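This one's a predicted model, so the numbers in the text were calculated from it and none came from an experiment.
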Protein chains: 2
Amino acid sequence: MSDLLERLRGRGWRLTSQRRVVAEVLDGDHVHLTADEVHARATQRLPEISRATVYNTLGELVSLGEVIEVSTDGRAKRYDPNAHQPHQHLVCSGCGTIRDVRPLGDPLADLPADQRFGFTVSEVEVTYRGLCPSCA
Amino acid sequence: MSDLLERLRGRGWRLTSQRRVVAEVLDGDHVHLTADEVHARATQRLPEISRATVYNTLGELVSLGEVIEVSTDGRAKRYDPNAHQPHQHLVCSGCGTIRDVRPLGDPLADLPADQRFGFTVSEVEVTYRGLCPSCA
DNA sequence: ATCCTACGATGGACAGAGTCTAAGTCAAGA
DNA sequence: TCTTGACTTAGACTCTGTCCATCGTAGGAT
Ligand SMILES: [Mn+2]
Ligand SMILES: [Mn+2]
Ligand SMILES: [Zn+2]
Ligand SMILES: [Zn+2]
């Protein structure tokens, strides 16, 4: 996480307390918080941080490739700090919990040429759904 | 499409001009309209149809399994009348066009047991992304 | 053919998620 | 320490979707 801040400062990022707090909140595994959840947690450490700044900072982290935007339901987007290891998501239909998963093989290979309609396909996103142990 | 209306009438649906128009707008292949797009097209045929009715009717069609809700971007949900043939989606990152595709094999099989975290996995949703011929 | 009524349609208020702006603040280089 | 442009802030605004009270009508009953 501190190396994230180093990396960003190297790219000319002005290091403010707000940005530091947002980065801290996003630290960890299987973290998939909404912007408002990030804001709520950031507020505990820095009471006056604004919603706009959280949105701005998250947007910048996404642009810089340090955070991934995930929208598994039709609701709020979730922000995922696990950006450097490609992965997919397993979502509980009961409670909404999201886990990072790594399927075998290359999901792109499953789409035959005659199903590509002339597209240059470069990316694939897979969402597995089911019930977690607590909800089953 | 008329068999759709028959099926629904058989299930006790009251057949109103509004519902008929929404069903007509959703007819076709590779149709993935937002609720407001459905409303705009429905308005051309039936000028006084309301937004609420479009949302209600779409919601009912989804509950009845006749239409599928798709959210490929973080924006508005899209409504897909191709509900009886399981399929996945190929989305153009340039213009947003969505095509129905059928990948080979069973995507569920690619998730090994040690990546299931005790979940009962029952469903998988795949979104391929790339550039369509016009945007490339 | 007409009547009844419960189901459906309507418009507008409301809510959640996100964007934008104008004005104030401050990190960091000179 | 001074300066300045980048950053933060509050709140207005947009977009998507839901809810509600009231009105209208599809379709069965007579
Ligand atoms: Mn993740
Ligand atoms: Mn489709
Ligand atoms: Zn669960
Ligand atoms: Zn395109």
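Side-chain N or O atoms of A/Gln88 include one that pairs as donor or acceptor with a backbone N or O of A/Val126 at under 3.5 Å.
For A/Arg14 against D/dA6, a side-chain-to-base donor-acceptor contact under 3.5 Å is present.
Among D/dG11, C/dA17, D/dC7, the nucleotide with an atom closest to any side-chain atom of A/Arg19 is D/dC7. For A/Arg51, taking side-chain heavy atoms from C-beta onward, the closest of the listed nucleotides C/dA17, D/dA26, D/dT9 is C/dA17. Checked against D/dT9, D/dC7, D/dT18, the side chain of A/Ala52 finds its nearest nucleotide in D/dT9. Looking at the side chain of A/Ser50, the nearest of the listed nucleotides D/dT9, D/dC7, D/dC15 is D/dT9.
Between the OH atom of A/Tyr55 and the C1' atom of D/dT14 there is a distance of 13 Å, rounded to whole Å. At whole-Å resolution of the value, CG in A/Asp36 and C1' in C/dA15 are 13 Å apart. Atom P of nucleotide C/dA9 and atom CG of B/Leu58 are separated by 12 Å, given to the nearest angstrom. B/Leu15 has its CG atom 10 Å from the P atom of C/dA9, to the nearest Å. Between A/His39 atom NE2 and C/dG18 atom P there is a gap of 14 Å when expressed in whole angstrom units. Rounded to a whole Å, the CH2 atom of A/Trp13 is 14 Å from the C1' atom of C/dA27. Distance B/Gln18 CD to C/dG8 P: 12 Å, rounded to the nearest Å. Atom pair A/Glu37:CD and C/dG18:C1' shows a separation of 15 Å (rounding to whole Å applied).
The number of heavy atoms from other shown groups lying within 6.0 Å of CG (B/Asp106) is above 12.
Base contact: A/Thr53 has a heavy atom under 4.0 Å from a base atom. Residue contacts shown for A/Ala76 are limited to sugar-phosphate atoms, with no base heavy atom under 4.0 Å away.
Toward the 5' end of DNA chain D, the nearer of the two residues B/Asn56 and A/Ile49, judged by each one's closest nucleotide, is A/Ile49.
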* Given the rule in the ring pair (Phe, Tyr, Trp, His ring centres under 6.0 Å) test, do B/His30 and B/His32 qualify, once you have shown the distances and angles that lead to the verdict? -> CA-CA 6 Å; B/His30 303 283; B/His32 304 93; 7.0 Å; no
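A salt bridge links B/Glu24 with B/Arg45: the distance from a Lys NZ or Arg NE/NH1/NH2 to an Asp or Glu carboxylate oxygen falls below 4.0 Å. Between A/Glu66 and A/Arg11 there is a salt bridge, since at least one side-chain N of the basic residue sits less than 4.0 Å from a carboxylate O of the acidic one.
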